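As structure tokens, the structure follows; a few thoughts come after it.
Note that these values count all heavy atoms, side chains included, but never hydrogens, waters or copies made by symmetry. One-based numbering, in listed order, for ligands and for the atoms of each. Since the structure is predicted, the reported quantities are computational estimates derived from the model, not experimental observations.
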Amino acid sequence: MLYIVSTPIGNLGDITFRAVETLKAVSLIACEDTRHTKILLDHYGIKTPTTSYFQHNEFSKGEMLLKVLKEGKGVALVTDAGTPGISDPGYKLIKLARENHVPITVIPGATALIAALSLSGLPSDSFIFEGFLPVKPKARRKKLEALTQEKRTFIFYESVHRIEKSLQDIRDVLSDPQVVIARELTKTFEEVITGKASDLLGRFAQKGIKGEMVLLFSLK
Ligand code: SAM
């Protein structure tokens with residue numbers, strides 16, 4: 001059985017009993033970064049062996065993990081934060097296991113987009129999650145241009161290195177809407193910043209911005 005196990009997005013307390021029990025019981029834990037996951041495993045006294053499974057070894061490691069699964073062993077899949085498969089390399093292993101008729105189950109838990117949406121105060125009855133905006137300026141603007149008629153709440157993952165460029169494009173392409181940045185969720189410096197894209201750009205030009213963040217807005 002392949003167990004897809006959600007892990008915390010910051011606060012180590014945000015893990016379910018079932019996730020801890022599963023991580024203890026399986027034969028192997030496939031991690032995006034074994035050093036990162038070790039912090040969580042040490043915290044809960046989990047001694048299960050780990051192996052790395054990330055974007056650049058997904059083919060060779062995927063086959064190896066498939067062999068272990070076909071021997072009838074339990075393998076847990078975790079990524080650096082949140083729910084495996086949500087904008088991270090996890091989904092490739094899930095796809096491979098499914099194609100090979102390996103039984104799969106999920107131990108659900110934290111995911112940054114849902115935590116951010118519930119905290120944002122934006123309409124949440126209908127929303128659209130777009131992962132990361134394209135890195136290349138032309139592709140990013142084109143993506144935003146395609147969204148102008150959309151009335152659902154937008155959710156994007158964003159990196160500290162690109163947030164200002166994304167806000168500039170959102171300001172220019174989408175007529176400077178109100179945006180929400182939910183950063184460092186569940187961590188010491190958790191913060192929700194709201195304002196027009198242009199206001200936030202002014203603020204960040206003075207004070208900067210750090211950490212992991214989710215960007216949300218609604219054009220309704
Ligand atoms: N699988 C993860 C999940 O379920 O949320 C997402 C993985 S994706 C590679 C990483 C992105 O998630 C970050 O760049 C950031 O946009 C968002 N993220 C992860 N942890 C976060 C946190 N504590 N606060 C805000 N955003 C976070």
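No more than 12 heavy atoms of other residues, nucleotides or ligands shown are found within 6.0 angstrom of OH on Tyr91. Within a 6.0 Å radius of NZ in Lys151, more than 12 heavy atoms belonging to other residues, nucleotides or ligands are found. With a 6.0 Å radius and a threshold of 12 heavy atoms from other residues, nucleotides or ligands, Arg203 has its CZ atom above the threshold.
For atom 27 (C) of ligand 1, the nearest non-hydrogen atom of the protein is Ala112 CB, 3.6 Å. Nearest non-hydrogen protein atom to atom 13 (C) of ligand 1 is Glu212 OE2, 3.8 Å. Atom 24 (N) of ligand 1 has as its closest protein heavy atom Leu185 N, 2.9 Å. The protein heavy atom nearest to atom 16 (O) of ligand 1 is Met213 O, 2.6 Å. In terms of protein heavy-atom proximity, atom 10 (C) of ligand 1 is closest to Phe132 CZ, 4.1 Å.
Note: no N/O pair closer than 3.5 Å links Gly82 and ligand 1 by distance alone. Polar contact check, Arg183 against ligand 1: no nitrogen or oxygen pair lies under 3.5 Å apart. Residue Ala81 has at least one nitrogen or oxygen atom sitting less than 3.5 Å from a nitrogen or oxygen atom of ligand 1, judged on distance alone. At a 3.5 angstrom cut-off on N or O pairs, Ile86 counts as close to ligand 1. At under 3.5 Å, not a single nitrogen or oxygen of Thr186, backbone or side chain, sits near a nitrogen or oxygen of ligand 1. Between Lys187 and ligand 1, not a single N/O pair is under 3.5 Å apart. At a 3.5 angstrom cut-off on N or O pairs, Ser87 does not count as close to ligand 1.
Nearest to atom 23 (N) of ligand 1 by heavy atom, out of Ile9, Ile155, Thr7, is Ile9.
The proximity of Ala115 to ligand 1, defined as any non-hydrogen pair under 4.0 Å, does not occur for either the backbone or the side chain.
Against a heavy-atom cut-off of under 4.0 Å, Ala182 is close to the following atoms of ligand 1: 25 (C). Of all the atoms in ligand 1, the ones that sit under 4.0 Å from a non-hydrogen atom of Glu158 are 14 (O), 16 (O). Interface of Thr111 with ligand 1, defined as ligand atoms under 4.0 Å from a residue heavy atom, comprises 3 (C), 4 (O), 5 (O). If you number the atoms of ligand 1 from 1 as listed, the ones under 4.0 Å from a heavy atom of Asp88 come out as 1 (N).
Scored by the ring-ring contact (aromatic ring centres under 6.0 Å, His included) test, Tyr157 finds Phe129, Phe132 as partners (sequence neighbours excluded).
For Glu58 (side chain) and Tyr53 (main-chain N/O), no donor-acceptor pair under 3.5 Å exists by modelled atom type. A donor-acceptor pair under 3.5 Å is absent between the side-chain atoms of Asn100 and the main chain of Ala97, judged by distance alone. The closest donor-acceptor contact from the side chain of Glu150 to the backbone of Arg152 lies under 3.5 Å. Between the side chain of Glu32 and the main chain of Asp80, a donor-acceptor pair closer than 3.5 Å is present.
Comment: Lys95 engages Glu99 in a salt bridge, judged by a side-chain N to carboxylate O separation of less than 4.0 angstrom.
Counted by atom type alone, Thr51 and Lys61 present one or more donor-acceptor pairs between their side chains at under 3.5 Å.
Screening Ile104, Leu96, Val75 against Leu69 for a side-chain contact (heavy atoms from CB on, under 4.5 Å) leaves a single residue, Val75.
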